[in-house]
Protein chains: 2
Amino acid sequence: MYLYEHFESSKIMLNNFINQLRITELELQDELQEKSSITIHKKDDIIIKNNQYIKVLKIVLKGKVRVYQENGEREILIYYLNPIEACTLSLSACFEDCKSTVNAVVEEDCTILNIPVRFVRDWNFKYKSWNSFTTNTYRESYNHLINQYSNLAFQPLKDRLFDYLVSKANDTVVKKTHQELAKELGTTREVISRLLKKLESNGKLNLRQKEIQILK
Amino acid sequence: MYLYEHFESSKIMLNNFINQLRITELELQDELQEKSSITIHKKDDIIIKNNQYIKVLKIVLKGKVRVYQENGEREILIYYLNPIEACTLSLSACFEDCKSTVNAVVEEDCTILNIPVRFVRDWNFKYKSWNSFTTNTYRESYNHLINQYSNLAFQPLKDRLFDYLVSKANDTVVKKTHQELAKELGTTREVISRLLKKLESNGKLNLRQKEIQILK
DNA sequence: AATTATTTGTGACTTTTGGCACAACAATAA
DNA sequence: TTATTGTTGTGCCAAAAGTCACAAATAATT
């Protein structure tokens with residue numbers, strides 16, 4: 001974790017965040033500058049640990065973070081955080097002290113804005129743009145989670161896997177190992193390997209080492 | 001649906017709601033009186049239908065409502081609404097027009113406070129107590145749903161069933177048919193019947209018609 | 001009391017998912 | 001190039017969950 005390693009570019013990213021969220025209140029802009037800190041993390045850094053107290057709201061400015069729950073050997077993806085997105089669970093913690101029930105790990109090198117929870121709480125009623133931001137974060141996360149939930153309940157793993165690949169594909173290619181996919185979908189590696197083979201022989205995919213190509 | 005059938009008792013319930021949520025702003029109290037309506041529903045009434053536009057935030061003042069998603073023959077419980085609780089999904093709709101992805105059915109005769117979505121949105125930044133209410137609703141619902149999600153991912157059905165019975169038990173007794181339990185847990189009747197039999201022979205339950213007694 | 005409808009039980013079978021063991025293959029480093 | 005490590009493939013079996021068919025038990029209705 002390198003605090004203000006790239007001071008100038010961090011500043012640009014914060015300004016970008018302020019613009020994208022339409023934070024027009026000058027006072028809030030100042031408070032953000034003053035009271036938040038920006039940290040830089042490398043791939044695979046763990047930035048939130050299960051059972052740890054949450055003291056700051058984390059907002060991704062650059063990069064990507066994977067938030068997941070673990071249960072013994074198994075894991076399941078809760079959500080990804082992309083730029084300009086706040087970690088909904090750390091937002092929750094702003095309104096009631098609590099420990100994290102998830103882990104968050106850096107998926108792509110990233111820059112993160114950290115805002116101590118007490119400010120987040122205060123700003124929520126003080127600044128309209130901030131209020132919109134937290135409300136939208138909750139709304140979008142809640143809707144997303146409901147979808148995940150009912151897919152998990154109703155869809156067979158094979159379908160969930162295929163849909164997941166399509167959603168993750170960067171121009172038809174997904175660069176992930178079977179083990180990684182297993183952890184995101186809450187199952188085991190062998191199961192994924194077999195389902196992928198089946199999808200391949202159904203002509204839906206091409207399998208290569210560490211890489212899956214989706215066919216149209 | 002009987003509008004203001006019991007005008008006086010409705011008024012008392014609204015006041016009770018106002019007190020419990022510590023809505024101290026007189027202006028908001030007036031707005032609530034003026035702009036909301038109170039409706040009364042009987043068991044099994046459907047109050048929200050899948051794919052319908054959501055025009056009001058629904059808050060339960062008395063009774064109980066079951067909110068669930070359906071997928072063909074199957075269903076899965078999303079949450080129950082108890083007194084003083086708002087339907088989180090209709091809260092979501094207050095901040096972005098959308099259709100419902102769930103159904104809501106009255107589980108116990110109930111009285112419901114209906115607030116048109118535009119007011120909910122406005123009040124969110126206008127009144128602090130209202131802001132707290134919506135924030136708490138989101139926070140609690142989100143945490144609850146995350147738990148449901150990871151239970152669904154990690155726990156075998158047998159455990160989810162038993163935990164569900166314990167949580168629903170009214171002094172160790174749950175009055176539900178196997179079919180109803182199946183619909184709440186997202187599975188089929190036969191599966192539930194068999195699991196219940198197994199739990200009974202393990203000495204965890206006593207089964208009677210339409211009734212399950214949990215043993216300590 | 002007889003009929004009807006609802007609820008529960010269960011056998012027999014299939015599909016889906018999971019676990020273990022080990023082989024084959026690919027990538028990387030010494 | 002060889003050794004090491006990580007990744008994928010797969011046989012074999014077990015457990016969990018789902019489906020179909022039908023019987024038995026219980027409750028509700030006439």
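- Between the side chain of D159(B) and the backbone N or O of Q155(B), no donor-acceptor pair lies under 3.5 Å.
- Here the P atom of nucleotide dT8(D) and the CD1 atom of I192(A) are 11 Å apart, to the nearest Å.
- Per the geometry, CG belonging to L207(A) stands 16 Å off P belonging to dC25(C), to the nearest Å.
- Remark: F162(A) pairs with no residue by the ring pair (Phe, Tyr, Trp, His ring centres under 6.0 Å) rule, at least two apart or across chains.
- Side chain of E70(A) to main chain of E75(A): no donor-acceptor pair is present (N/O by atom type, distance under 3.5 Å, no hydrogens or angles).
- For the pair D109(B) (side chain) and K43(B) (backbone), a donor-acceptor distance under 3.5 Å is present.
- A donor-acceptor pair under 3.5 Å links the side-chain atoms of R74(B) to the main chain of G186(B), judged by distance alone.
- Distance, E211(A) CD to dA27(C) C1': 14 Å, rounded to whole Å.
- Remark: P of dT8(D) and CG of L205(A) are 13 Å apart, rounded to the nearest angstrom.
- Although no hydrogens or angles enter the test, the distance criterion places no donor-acceptor pair under 3.5 Å between the side chain of E96(A) and the main chain of A93(A).
- Without hydrogens or angle criteria, D45(B) side chain to K42(B) main chain gives a donor-acceptor distance under 3.5 Å.
- For S201(B) (side chain) and K198(B) (main-chain N/O), a donor-acceptor pair under 3.5 Å exists by modelled atom type.
- With rounding to whole Å, L185(A) atom CG is found 15 Å from dG18(C) atom C1'.
- Between the side chain of R121(B) and the backbone N or O of F95(B), no donor-acceptor pair lies under 3.5 Å.
- Rounding to whole angstrom units, CG of residue N206(A) and P of dT8(D) are separated by 15 Å.
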Pick out the pairs of N or O atoms, protein on one side and nucleotides 15-17 of chain D on the other, that lie under 3.5 Å.
unit_1	atom_1	unit_2	atom_2	d
dA17(D)	OP1	L157(B)	N	2.8

(request) Please assess I59(B) against I112(B) for the test side-chain contact (heavy atoms from CB on, under 4.5 Å), listing each intermediate value before the final yes or no. (result) CA-CA 6 Å; I59(B) 299 172; I112(B) 288 189; 6.0 Å; no
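- Counting only N and O atoms by type, the side chains of R189(B) and S193(B) include a donor and acceptor under 3.5 Å apart.
- Atom CG in L161(A) sits roughly 13 Å away from atom C1' in dT17(C) (whole-Å rounding).
- Using a 4.0 Å cut-off on heavy atoms, the residues of residues 169-183 of chain B that approach DNA chain C are T177(B), H178(B), listed by number.
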Show me the donor-acceptor pairs, under 3.5 Å and distance only, between side chains in residues 60-69 of chain B and residues at least two apart or in other chains.
unit_1	atom_1	unit_2	atom_2	d
R66(B)	NE	E107(B)	OE1	3.3
Q69(B)	OE1	S150(A)	OG	2.8
Q69(B)	NE2	T101(B)	O	3.2

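- In the helix from dA1(C)-dT30(D) to dA30(C)-dT1(D), the rotation axis of the first five pairs and that of the last five pairs differ in direction by 30°, rounded to 10 degrees.
- Judged by distance alone, the side chains of S36(B) and N114(B) never bring a donor and an acceptor atom under 3.5 Å apart.
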(request) If a protein heavy atom is under 4.0 Å from the base, mark B; if only from the sugar-phosphate, S; if neither, -; do that for nucleotides 20-30 of chain D going 5' to 3'. (result) B-----SS---
